[in-house]
2 protein chains.
Amino acid sequence: MSAPRIAPIDDIRPSRLVRPSSQKKLDRLLSKAAALIAKNGFNAMTMRELSTALGMSLAGLYHYFASKEDLLFQLQYRTFAALLEQQEKIAEQPGTPEERLERLLTGHLQFYSRHTNELKVCTFELESLGPKPYKLAEEIRRRYYRLMASVVAQVIDGPAAGARETRQSRHASLYIFGMLNWIFMWYDPARHGSVEQIGREMRDMLLHGLKGTKRSG
Amino acid sequence: MSAPRIAPIDDIRPSRLVRPSSQKKLDRLLSKAAALIAKNGFNAMTMRELSTALGMSLAGLYHYFASKEDLLFQLQYRTFAALLEQQEKIAEQPGTPEERLERLLTGHLQFYSRHTNELKVCTFELESLGPKPYKLAEEIRRRYYRLMASVVAQVIDGPAAGARETRQSRHASLYIFGMLNWIFMWYDPARHGSVEQIGREMRDMLLHGLKGTKRSG
DNA sequence: TCGAATTTCGAACGTACGTTCGATATACTA
DNA sequence: TAGTATATCGAACGTACGTTCGAAATTCGA
């Protein structure tokens with residue numbers, strides 16, 4: 001049985017946009033906002049800067065967003081939901097725990113490749129949301145964390161261990177998220193190779209330790 | 001021969017404080033600023049909020065800091081310098097590469113324990129500095145990254161390998177920094193045990209892979 | 001073509017920022 | 001004790017923020 005369905009954002013926060021072209025425009029607004037937030041942080045980005053970058057008026061933004069915070073919430077909820085949906089599908093595929101872990105690593109890094117700015121905002125700006133939107137977005141993130149912890153537990157203790165996580169497996173999955181999320185701070189495709197290559201290196205290190213990374217060369 | 005000396009901040013940016021009690025007050029100012037920045041980020045902290053938290057006037061802050069950015073620079077430079085000094089001493093101690101790596105992990109985590117807010121600011125707010133202060137602080141950080149990469153290279157390829165790092169060792173040290181720096185996002189001593197315990201778990205995972213973390217239990 | 005709904009915008013509002021200045025208070029040394 | 005230097009502060013400045021409102025433009029369907 002697959003995981004329970006993730007509530008679409010329209011169930012939580014109805015968009016009130018009517019025309020299909022407006023939905024597409026929202027996509028473009030969020031994409032540009034993600035780029036600006038990823039560059040200097042949510043608090044440093046201003047609505048004036050965003051409207052200028054989009055070539056639209058300042059007041060026009062408020063047709064799409066109830067507030068600056070609402071913009072951040074829509075961006076994060078949509079991205080977290082898409083990432084979780086992808087990773088739950090990936091984890092459901094058959095295979096050994098090691099194979100599942102590798103697919104999760106590569107899946108995460110490929111998602112990073114395609115949505116670098118959005119994922120960076122998700123990774124670093126959850127705390128910039130107020131209590132209610134924070135809770136909604138954090139629930140999705142927590143579900144992703146449990147998924148990873150479950151697979152890591154199976155790698156450590158064998159396939160039957162998924163139902164009971166240990167402190168080692170919980171900590172190990174946090175170390176893995178650290179490895180994955182730190183990539184925003186250094187990764188440059190021109191210098192560091194493909195994200196698939198990075199995924200294999202991480203897999204080798206996780207399965208065999210530092211000396212195991214020689215296999216990734 | 002030990003590493004070249006790290007320039008004290010007074011060589012780079014003379015403080016102009018005369019009285020010893022003013023030096024101590026600067027320490028307190030920076031400590032409180034670190035706490036407020038660590039909570040919501042540099043851009044969200046205001047000089048008004050800081051002066052209120054310190055019980056001093058807004059204008060009084062400008063006796064100690066040329067600007068808000070100068071405050072951030074002093075905080076980061078001092079912390080990076082102290083961390084680097086400690087880690088270079090630790091790495092100089094005799095032992096196998098594995099022992100050196102473990103000491104670096106534990107040393108970093110113990111520094112994190114004692115200077116949580118300052119280190120969080122260093123980890124996440126370097127980009128909030130302008131070009132010249134950024135360069136000064138980043139040089140220190142880069143030197144620390146090279147230290148770690150050198151030790152990791154020796155673990156992977158043996159003790160003679162330190163002079164030549166490979167792409168694997170450079171990547172692996174970035175993964176390690178990811179593990180270390182992500183700790184700001186989740187670590188709670190009440191729930192997760194001591195930082196020494198965390199250091200042993202990281203060591204076991206790095207030396208033996210995920211299954212190796214069972215040794216840390 | 002017309003009416004209604006949606007989208008867009010210029011202008012303005014109230015709030016708050018980082019920084020400065022001149023005056024005052026405090027501390028230290030001779 | 002007095003003079004000098006350092007530390008402190010109230011008030012104000014110019015700038016810029018997020019958000020709103022009423023009017024206008026655009027789009028769509030009958």
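Proteins get letters first, then strands, A, B, ... in listed order; numbering begins at 1 in each.
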### Message
Strictly by side-chain hydrogen bond (donor to acceptor under 3.5 Å, both in side chains), give each pair with a member in residues 48-67 of chain A just once, sequence neighbours left out.
### Response
none
### Qualifying side-chain hydrogen bond (donor to acceptor under 3.5 Å, both in side chains) pairs with a residue from residues 103-112 of chain B, counting only residues at least two apart or across chains
B:His108-B:Tyr144, B:Gln110-B:Glu196
### Task
Would you please name every residue forming a salt bridge (charged side-chain N to carboxylate O under 4.0 Å, His left out) with B:Arg19, sequence neighbours left out?
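Listed in chain order: nothing, the list is empty.
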### Query
With A:Glu139, which residues qualify under salt bridge (charged side-chain N to carboxylate O under 4.0 Å, His left out), at least two apart?
A:Lys135
Which pairs, with at least one residue in [range] and sequence neighbours excluded, count as a salt bridge (Lys or Arg N to Asp or Glu O under 4.0 Å)?
| range | answer |
| --- | --- |
| residues 142-155 of chain A | A:Glu88-A:Arg143, A:Glu138-A:Arg142 |
| residues 28-40 of chain A | none |
| residues 114-132 of chain A | none |
| residues 72-87 of chain A | A:Asp27-A:Arg78, A:Glu85-A:Lys89 |

### Task
Go through C:dG10, D:dA7, D:dC9 for me and flag the one nearest to the A:Ser57 side chain.
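Among the listed nucleotides, the one closest to the side chain of A:Ser57 is C:dG10.
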### Query
By a strict heavy-atom criterion of less than 4.0 Å, which residues belonging to residues 22-36 of chain A are in contact with DNA chain C?
A:Ser22, A:Lys25
## Note on the structure
Heavy-atom nearest pair, A:Leu36 first then A:Leu50, reads CD1-CA, 3.8 Å
### Task
Mark yes or no: B:Lys68 above the aromatic ring of B:Phe73, with NZ or CZ under 6.0 Å from the six-membered ring centre and no more than 45 degrees from the axis.
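No - B:Lys68 does not lie over the ring of B:Phe73 by the 6.0 Å and 45° rule.
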### Task
Kindly write out the residues that satisfy ring-ring contact (aromatic ring centres under 6.0 Å, His included) with B:His115, not counting sequence neighbours, or none if the list is empty.
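Here the qualifying residues are B:Phe111.
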Using the 3.5 Å cut-off, write out each protein N or O paired with an N or O of nucleotides 16-20 of chain C and the distance between them.
residue	atom	partner	partner atom	Å
C:dG18	OP1	B:Lys68	NZ	2.9
C:dG18	OP2	B:Met47	N	2.9
C:dG18	N7	B:Arg48	NH1	2.6
C:dG18	O6	B:Arg48	NH2	2.8
C:dT19	OP2	B:Tyr62	OH	3.0
C:dT19	OP2	B:Lys68	N	2.8

### Query
For C:dT8, does OP1 or OP2 lie under 4.0 Å from any side-chain N or O of A:His63?
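Negative; the distance criterion is not met.
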### Task
Would you please confirm or rule out a distance under 4.0 Å between OP1 or OP2 of C:dT8 and any side-chain N or O of A:Tyr64?
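The answer is yes; a side-chain N or O of A:Tyr64 sits under 4.0 Å from OP1 or OP2.
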### Query
How close or far is atom P of D:dG10 from atom CG of B:Leu61, stated in whole angstroms?
12 Å
#### Entry: Nearest-angstrom distance from the residue atom CZ of A:Phe65 to P of C:dC9
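Those two atoms, CZ and P, are 14 Å apart.
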Interface polar pairs with nucleotides 23-28 of chain D, N/O, under 3.5 angstrom:
residue	atom	partner	partner atom	Å
D:dT27	O4'	A:Arg19	NH1	3.4
D:dT27	O2	A:Arg19	NH2	3.4

